[in-house]
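Okay, so here's the structure we're looking at.
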Amino acid sequence: MSPDLRSVMRNFATGVCVATTYTDRGGIRAHDAVTLNSLTSVSLDPPLISLSLRRGSQFLDELLGTKKWAISILDRDAEPVARQLARSHGDRAETVAALRADPGPATGALLLDAQSGLECVLWDSFDLGDHTMVIGEVVSTGTRDEQPPLLFLHGAFQQLASAQTAETAQTKEPLHDEHPDGPQHRRRNSRRRQGAGPAAA
């Protein structure tokens with residue numbers, strides 16, 4: 001029997017962030033944004049972070065082309081935006097256009113009105129299985145007053161109190177057919193079961 005990585009990782013709570021990048025064509029800049037939970041701190045000196053993105057996704061192609069991106073770490077009030085940006089590229093375009101965000105001073109990628117933000121330039125990238133890990137050198141940071149974070153746990157967005165409740169409830173049920181490796185993955189598979197298109201970075 002193959003290891004059931006999904007069922008194990010759905011019990012690992014993560015924060016939720018929005019990654020942004022852009023493309024420049026004919027003097028016109030087109031921004032893109034996607035919800036992720038794969039943000040990881042890699043090194044403090046030099047300051048490096050990593051993201052894991054599905055291979056072949058349009059967002060990944062744009063990021064590797066521009067070699068610049070920004071990360072906004074979301075608080076609990078940002079769940080509606082997180083849900084909207086967990087959709088497929090075409091479905092989230094309207095949300096991206098309406099974002100309350102400003103271009104970062106170091107990269108030009110959008111920074112949302114969030115409690116923390118990072119701007120990065122590409123350091124390296126690696127194809128690993130069905131994802132590509134991108135390593136970014138952090139060139140700018142910003143924080144504001146800390147707010148309760150938005151979390152992803154048990155295949156769903158959570159807040160601290162509700163995450164504790166959900167964890168208790170899950171001890172009574174077997175874990176099957178969930179999609180814990182990221183908001184965009186869960187939405188993609190959930191919508192496929194309903195006959196809708198895939199959600200992906």
Nearest 0.5 Å please: distance from the CD1 atom of Ile71 over to the SG atom of Cys17. 4.5 Å
Please confirm whether the backbone N or O of Asp75 pairs with a side-chain atom of Gln147, one donor and one acceptor, at under 3.5 Å? no
Determine the minimum heavy-atom distance between Phe157 and Phe152, stating which atoms define it. N-CD1, 3.9 Å
CG-OG distance between Leu36 and Ser72, expressed to the nearest 0.5 angstrom: 11.5 Å
Quick one: are Leu39 and Ile49 in side-chain contact, heavy atoms under 4.5 Å? yes
Just one of His89, Arg92, Arg87, Arg54 clears the side chain to side chain contact (heavy atoms under 4.5 Å, CB included) bar with Val34, so which one? Arg92
Are Met133 and Leu5 co-members of a hydrophobic cluster defined by side-chain heavy atoms under 4.5 Å apart? no
Atom CG of Leu44 with >12 non-hydrogen neighbours under 6.0 angstrom: no
Hey, is Arg29 close enough to Asp24 for a salt bridge, meaning N to O under 4.0 Å? yes
Over all heavy atoms of both residues, which pair between Thr23 and Glu62 is shortest? Give the atoms and the distance, please. CG2-CG, 3.5 Å
Check against side chain to side chain donor-acceptor pair (under 3.5 Å), Thr132 and Asp127: CA-CA 4 Å; Thr132 295; Asp127 290 337; 2.7 Å; yes
Please lay out, stage by stage, how Leu122 and Ile135 fare under the test side chain to side chain contact (heavy atoms under 4.5 Å, CB included). CA-CA 6 Å; Leu122 185 66; Ile135 309 296; over 6 Å; no
Which pair of heavy atoms, one from Ala82 and one from Leu74, lies closest together, and at what distance? CB-CD1, 3.8 Å
Taken to the nearest 0.5 Å, the spacing of Gln159 CD from Leu150 CG works out to 7.5 Å
Using atom types as modelled and distance alone, determine if a side-chain donor or acceptor of Arg100 lies under 3.5 Å from a backbone N or O of Leu112. no
Please report the shortest heavy-atom distance between Ser7 and Asp4, naming the atom on each side. OG-OD2, 2.8 Å
Less than 4.5 Å apart, side chain to side chain, heavy atoms only: is that true for Lys68 and Tyr22? yes
Output the distance between atom CG (Leu64) and atom OG1 (Thr21), rounded to the nearest 0.5 Å. 9.0 Å
Rounded to the nearest 0.5 Å, how far does CD1 of Ile73 lie from CG of Leu118? 5.5 Å
For His31 versus Gly108, what's the shortest heavy-atom pair and its separation? CE1-O, 3.4 Å
Donor-acceptor contact below 3.5 Å, side chain Glu119 vs main chain Thr107: yes
Is there a path of hydrophobic side-chain contacts, each under 4.5 Å between heavy atoms of I, L, V, M, F, W or Y residues, that connects Trp123 with Val42? yes
So do the side chains of Asp102 and Leu111 get within less than 4.5 Å of each other, counting heavy atoms only? no
Side-chain donor or acceptor of Thr20 paired with backbone N/O of Leu110 under 3.5 Å: yes
Would you name the heavy atoms of Val139 and Cys120 that are closest together and state the gap between them? CG2-N, 4.2 Å
Can you list the steps and then say if Leu63 with Leu53 is a side chain to side chain contact (heavy atoms under 4.5 Å, CB included)? CA-CA 10 Å; Leu63 185 154; Leu53 298 161; 4.2 Å; yes
Within a strict 4.5 Å, meaning less than it, do heavy atoms of the Val134 and Leu60 side chains meet? yes
CZ of Arg6 to CG of Asn11, rounded to nearest 0.5 Å, is 14.0 Å
Please evaluate residues Trp69 and Leu51 with respect to the criterion side chain to side chain contact (heavy atoms under 4.5 Å, CB included), reporting the C-alpha separation (whole Å), side-chain torsions for both, the decisive distance (0.1 Å), and the verdict. CA-CA 11 Å; Trp69 70 94; Leu51 296 176; 3.6 Å; yes
Assess the residue pair Leu85 and Leu99 against the criterion (side chain to side chain contact (heavy atoms under 4.5 Å, CB included)); give the C-alpha distance rounded to whole Å, side-chain angles, the decisive distance to 0.1 Å, and a yes or no. CA-CA 10 Å; Leu85 294 177; Leu99 281 176; 4.2 Å; yes
pair Gln115-Arg76: side-chain heavy atoms closer than 4.5 Å: no
